[in-house]
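Structure, as structure tokens:
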Amino acid sequence: MARITAGVASSHVPLLGVAHDLGKDRDDYFGPIFAGYDWTREWEKAEKPDVVVLVYNDHASAFDMKIIPTFAIGCGERYAPADEGWGPRKVPDVHGHPDLAWHIAQSLILDEFDMTIINEMDVDHGLTVPLSMMFGHVPEWPCKVIPLAVNVVTYPPPSGNRCWALGEAIARAVASFPEELNVQVWGTGGMSHQLQGPRAGLINREWDNNFLDGLVGASEHLRHVPHIEYLRETGSEGIEMVMWLIMRGALGKRTAMLHRHYHVPCSNTAIGHLVLRPDNGEGLDMTGSGAAPLAAE
Ligand code: DHB
Ligand code: FE
């Protein structure tokens, strides 16, 4: 049986992809950002996930105003990095897992989540930057990836509660897949950021850190945070954080934190990163990974 073994959340700031690709990730500016991912890169080498369900948003690379799916799942074999204006990043193509992806699509749709099915698309920084942060420079990504795209660009995005419920439905779908697979769910985007207008550069450390706190343990209060609060408190692009709730919903009633990182600034934004385990009350098996200390801001 396939199992969801962990959840990972991370900002996906495109500048991090540039810094990574140009070898600037240990300089004075980017060093403290990338250092917060060192623990996770080692942990991922030990965890060896077979598949990552990677929740992200496209930034007008695959979808534009012509078509705006609220929730879409990639069922294809392969996805190339998108050309975002500077040319596509020179990172490996992403390999899908069509059997599991079609199984999840069927399960979700019969579970009354009306997913858009994608067989062909390119994937932008929303998906490739988290892969670089978690796996570093590699000739091939070490696992299969099922892209799960969420519309958080054009109003109205889905509610936090709907995102959380989608995560719960993904967990049911994965649990009913007969093959033995180690599956992680990642949520990307955030944290506070506003890229344009008079409030550009808005950062709300307190709200961001309360959000990180709220993903750990058994509380479900984040399900009910209204869109207007994300916009008011964290800027217009802070709404990307609803995607983290899909990851959280997929981990079940209670989570335990393995690693946490928060840093300002990164470009015009705050970056956040969290690694969680489902916590079924039986205690965590930390063999081979070890709990990480709380990373300093
Ligand atoms: C930027 C773009 C993003 O999509 C994001 O999530 C954060 C920052 C940017 O252009 O700086
Ligand atoms: Fe984004």
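Counting starts at 1 for both ligands and their atoms, following the listed order.
Side-chain contact between I271 and H261: present, with at least one pair of heavy atoms (C-beta onward) separated by less than 4.5 Å.
Taking R199 as the reference, nothing meets the salt bridge (Lys or Arg N to Asp or Glu O under 4.0 Å) condition, with sequence neighbours excluded.
In the hydrophobic cluster analysis, where Ile, Leu, Val, Met, Phe, Trp and Tyr join through side-chain heavy atoms closer than 4.5 angstrom, V145 is grouped together with V138.
The list of salt bridge (Lys or Arg N to Asp or Glu O under 4.0 Å) pairs with a residue in residues 63-87, not counting sequence neighbours, reads R78-D93. Residue pairs meeting the side chain to side chain donor-acceptor pair (under 3.5 Å) criterion with at least one partner in residues 143-163, sequence neighbours excluded, are N161-R223.
Here the angle at the Fe ion (ligand 2) defined by NE2 in H12 and NE2 in H59 stands at 100°, rounded to 10 degrees.
Using a heavy-atom distance under 4.0 Å as the criterion, the protein contacts of ligand 1 are H12, V13, P14, H59, H125, H193, L195, E240, S267, T269.
In summary, the aromatic rings of H20 and H137 are positioned with their centroids under 6.0 Å apart.
The atom of E240 that is an N, O or S and sits closest to the Fe ion (ligand 2) is OE2.
N209 and Y262 form no side-chain donor-acceptor contact under 3.5 Å, judged by distance and modelled atom types alone.
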